[in-house]
There are 2 protein chains.
Amino acid sequence: MNTLTRQPQGCSNFKLRQLLRGVSRHYDAELANAGIKTTQYSLLSHLVDLGPITPGDLARRMGMDASTLTRNLRVVIEQGWATQGPGRDTRSRRVEVTSAGRAKRAEAKAHWKRAQLAFNARLGVTKVAALHELLDHALTHFSTGDHADD
Amino acid sequence: MNTLTRQPQGCSNFKLRQLLRGVSRHYDAELANAGIKTTQYSLLSHLVDLGPITPGDLARRMGMDASTLTRNLRVVIEQGWATQGPGRDTRSRRVEVTSAGRAKRAEAKAHWKRAQLAFNARLGVTKVAALHELLDHALTHFSTGDHADD
DNA sequence: TGACAATACTTGTATATGCAAATAAACCCG
DNA sequence: CGGGTTTATTTGCATATACAAGTATTGTCA
């Protein structure tokens, strides 16, 4: 790799957004067979993996605004995939996945895997691995959760 | 780089989404100084670069759904940055940037550049260049516009 | 030419997203 | 203890996103 690379010309933000649209469409098409959206699947997966957790912590972990999580969570709770109870504080809450949520997650995971493997096949595993590495690196600098943006 | 890379574990879709959230926030914070959002800036820039164009073509060029463009365009038109007139057909339209739109784009471009340079500095130009290369490659396989998704 | 298909755009509906502000409770300090 | 500050979450508002269905028009072919 050349160290004297010139400043990239295209807008990084636009490229990311454009690609996300296409990729989300790919994953969503597959996950639709389990009656769930990619965003909901991510949320559900994080709930399963992180166990009972406060909304705030979950939002930080997922790198999204707390207010966004509040609303995304509402949908998941309405589906019966999670519950929200009192937390250690009166101000805080405790979110937990239900057994229906675990079942739905397991069902959806099979579809997710199909989408993921198809994605890898279409792009090539090497390129996907390289992409993940760059995304992970970039996330350490631009995760919404833990940063000072200036 | 190793050709025998294993299947990447994390969800590509989620990583992209998470990073976009952070990166959009970065660009939006800067563009807010020009009173415009990144999505609107992209739309405006495409209008300037592509000249008079039909909504359908513009949507394809930007890799987004036509219905999304309809609504995003509404905001831009309400701001007086573009106009929509009759096209060659009665069904078709012709979208064109206004002089106010060109001015706003020029104003915003300076802020965009600041954001872009800060992005490059934070990540390192080499990594950004590598990222762009991968994003561009992935876009050839997953652009929403011109593909058969299965 | 008249119906059926294809094209171009918009609307209906649902979700995702974040900033700013509103609530509410806990914490801290004098 | 009382008041100001910090913390945790939700609401108000605006935008972004896309699929499905609706509307309007054009193209095609028998």
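From a predicted model like this one, the values you see are computed outputs, not experimental measurements. Proteins come first, then strands; the chains are lettered A, B, ... in the order of their sequence lines, and each starts at number 1.
For the strand DNA chain D, secondary-structure stems (runs of at least three Watson-Crick or G-U pairs, all distances below 3.5 Å) span C:1-30 with D:1-30.
Between A:Leu69 atom CG and D:dT11 atom P there is a gap of 13 Å when expressed in whole angstrom units. Regarding B:Gln18, its CD atom lies at a distance of 11 Å from the P atom of C:dT17, rounded to whole Å. Counting to the nearest Å, the P atom of C:dG18 and the NE2 atom of B:His26 are 16 Å from each other. Note: CZ (B:Arg71) to P (D:dA20) measures 14 Å, nearest angstrom. Protein atom CG of A:Asn13 is 14 Å distant from nucleotide atom C1' of D:dT15, rounded to whole Å. Put simply, CG on A:Leu58 is 14 Å from C1' on D:dA8, counting in whole angstrom units. Atom-to-atom, CG of B:Leu73 to C1' of C:dT11 comes out at 16 Å; the value is rounded to the nearest Å. In this structure, the CD atom of B:Gln79 is 12 Å from the P atom of D:dA14, given to the nearest Å.
Out of D:dT9, D:dA16, C:dG12, the shortest distance to the side chain of A:Pro55 is found at D:dT9. Among the nucleotides C:dT10, C:dT11, C:dC19, the one closest to the side chain of B:Ala66 is C:dT10. The nucleotide whose nearest atom lies closest to any side-chain atom of A:Lys37 is, among C:dC19, C:dA16, D:dA16, C:dA16. Proximity note for A:Val75 (side chain, C-beta onward) versus C:dA16, D:dT9, D:dC19: the nearest is C:dA16. Ranking D:dT17, C:dC9, D:dT15 by closeness to the A:Arg21 side chain, first place goes to D:dT17. Of all nucleotides listed (C:dA6, D:dT17, C:dT10), C:dA6 comes nearest to the side chain of B:Arg91. The side chain of A:Thr70 approaches D:dT9 more closely than any other nucleotide in the set C:dT15, D:dG12, D:dT9.
Comparing B:Arg93 and A:Glu78 along DNA chain C, the residue whose closest nucleotide (by nearest heavy atom) sits nearer the 5' end is B:Arg93. Each of B:Gln84 and A:Thr90 was matched to the nucleotide of DNA chain C holding its nearest heavy atom; the match closer to the 5' end belongs to B:Gln84. Where A:Asp89 and A:Arg17 meet DNA chain D, the nucleotide closest to each residue was compared, and A:Asp89 sits on the side nearer the 5' end.
Checked against salt bridge (charged side-chain N to carboxylate O under 4.0 Å, His left out), B:Glu96 has the following partners two or more places apart in sequence or in another chain: B:Arg94.
In this structure, B:Ser92 does not reach the C:dT7 phosphate: none of its side-chain N or O atoms is under 4.0 Å from OP1 or OP2. Under 4.0 angstrom from either OP1 or OP2 of D:dT17 there lies at least one side-chain N or O belonging to B:Asn72. Side-chain nitrogen and oxygen atoms of B:Arg25 include at least one within less than 4.0 Å of the OP1 or OP2 phosphate oxygen of C:dC19.
Residue B:Thr54 is classed as a sugar-phosphate contact, given heavy-atom separations below 4.0 Å to backbone atoms only. Note on B:Thr68: a base of the nucleic acid sits closer than 4.0 angstrom, heavy atoms only.
Under 3.5 Å, the side chain of B:Ser67 and the base of D:dC19 form at least one donor-acceptor pair of N or O atoms.
Taking the charged nitrogens against the carboxylate oxygens, A:Asp136 and B:Lys15 do have a contact shorter than 4.0 Å, which makes a salt bridge. Under 4.0 Å is where a charged nitrogen must lie from a carboxylate oxygen, and between A:Arg60 and A:Asp57 at least one such pair does.
Using a 4.5 Å heavy-atom threshold, the side chains of B:Ile77 and B:Thr83 count as separate.
Smallest separation of non-hydrogen atoms from A:Trp112 and B:Cys11: NE1-SG, 3.1 Å.
Ring centroid separation for the pair A:His137 and A:Phe142 does not come in under the 6.0 Å cut-off. For an aromatic pair to be called close, the ring centres must be under 6.0 Å apart, and B:Phe14 with A:His46 satisfies this.
Enclosure of atom CD in B:Gln84 by more than 12 non-hydrogen atoms of other residues, nucleotides or ligands within 6.0 angstrom is indicated.
Considering A:Lys109, A:His111, A:Lys104 as possible partners of A:Glu107, the one that fulfils the side chain to side chain donor-acceptor pair (under 3.5 Å) test is A:Lys104.
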